[in-house]
Amino acid sequence: MKKPLVIIINGVGGVGKDTICDIVGKYYKTKVVSTITDVKKAGSLIGWQGNKSLKDRGFLSDLKDLCTEYYDYPFKKAVSDYESFLNTHDDILFIHVREPQEIEKLRLYIKKDGRADIYTLLIKSDRFSQSYGNHADDDVELYNYDYIFNNNCSIEELEDNFMDFFKEGILNEW
């Protein structure tokens with residue numbers, strides 16, 4: 001029997017990461033988590049309104065950095081989510097992680113643990129090339145990903161294009 005599959009997924013805002021997770025969820029039992037979810041909850045408690053302006057994105061990046069520096073909370077939460085996933089009947093766990101050093105730390109943890117196969121996936125699009133003014137968004141390409149999907153297709157073409165890419169790459173290796 002195959003080990004469960006963990007995919008650390010990344011890309012700047014708007015490139016289709018959540019849509020891709022939803023597409024895979026049509027074909028496989030999936031769970032999707034993010035290292036920013038609880039940071040957003042904490043931000044809401046102190047006034048963040050859920051907006052995605054450059055200022056808001058910078059605030060969340062800074063808050064996540066603090067949570068990482070002082071308590072390593074985003075990593076610990078991702079490990080907890082991974083452990084919970086292993087106790088389900090789901091096949092694939094997507095973990096949204098932005099920072100290259102955090103991607104590598106989580107990848108190494110899961111690889112060393114050995115109970116799941118782990119791959120990293122960057123979603124890119126030529127439609128998104130702006131600077132966001134924070135390292136979490138601006139440095140997403142500073143990691144050597146296992147797979148890179150260029151989402152330059154229409155929403156109508158995305159499912160077929162991504163599933164072909166997914167089957168030929170990650171699933172073929174898994």
Nearest-0.5 Å distance, CD of residue Glu104 to CG of residue Asn144: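 Between Glu104 CD and Asn144 CG, I get 9.0 Å after rounding to 0.5 Å.
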With a 3.5 Å distance limit and no angle check, can you tell me whether [X] reaches the backbone of [Y] through a side-chain donor-acceptor pair?
X      : Y      : value
Glu159 : Glu157 : no
Asn134 : Ala136 : yes
Ser84  : Ser80  : yes
Lys17  : Gly11  : yes
Asn10  : Leu122 : no
Asn172 : Lys167 : no

Which pair of non-hydrogen atoms, one from [X] and one from [Y], has the smallest distance, and what is that distance?
X      : Y      : value
Asp137 : Gly13  : OD1-N, 4.4 Å
Val39  : Pro74  : CG2-CG, 4.5 Å
Ser131 : Asp138 : OG-OD2, 3.4 Å
Ala78  : Leu106 : CB-CD2, 3.8 Å

Pairs involving residues 151-174, ordered by first then second residue, that meet ring-ring contact (aromatic ring centres under 6.0 Å, His included) (sequence neighbours left out):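 Found Phe149-Phe162, Phe149-Phe165, Phe162-Phe165, Phe162-Phe166.
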Shared ILVMFWY cluster between [X] and [Y], side chains joined below 4.5 angstrom?
X      : Y      : result
Val24  : Tyr27  : yes
Leu108 : Leu121 : no
Tyr147 : Ile23  : yes

Can Thr120 and Asp146 be counted as having a side-chain donor-acceptor contact under 3.5 angstrom?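 Looking only at side-chain atoms, Asp146 and Thr120 do form a donor-acceptor pair, the distance falling under 3.5 Å.
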Does a side chain donor of either Glu102 or Tyr143 reach within less than 3.5 Å of an acceptor in the other side chain?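 Side chains of Glu102 and Tyr143: no pair found under 3.5 Å.
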Over 12 foreign heavy atoms within 6.0 Å of CG, Asp164: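 For Asp164, atom CG is crowded (more than 12 foreign heavy atoms under 6.0 Å).
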Compile the donor-acceptor pairs under 3.5 Å between side chains in residues 28-37 and protein atoms, sequence neighbours left out, one pair per line.
unit_1, atom_1, unit_2, atom_2, d
Ser34, OG, Ile36, N, 3.2
Thr35, OG1, Lys64, NZ, 2.6
Thr35, OG1, His96, O, 3.2

Below 4.5 Å, heavy atoms only, C-beta onward: do [X] and [Y] meet side chain to side chain?
X      : Y      : answer
Thr68  : Tyr73  : no
Ile92  : Phe85  : no
Asn150 : Ile123 : no
Ile7   : Leu93  : no
Leu86  : Pro4   : yes

Which residue pairs pass the salt bridge (charged side-chain N to carboxylate O under 4.0 Å, His left out) test with at least one member in residues 114-132, sequence neighbours excluded?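 Sorted result for residues 114-132: Glu83-Arg115, Asp113-Arg115, Lys124-Glu141.
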Considering only NZ, NE, NH1 and NH2 on the basic side and carboxylate oxygens on the acidic side, decide whether Lys26 and Asp22 come within less than 4.0 Å.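 No, this pair does not count.
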Taking only Lys NZ, Arg NE, NH1 and NH2, and the carboxylate oxygens of Asp or Glu, determine whether Arg98 and Asp139 approach each other closer than 4.0 Å.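 Not counted as a salt bridge, because no side-chain N and carboxylate O are separated by less than 4.0 Å.
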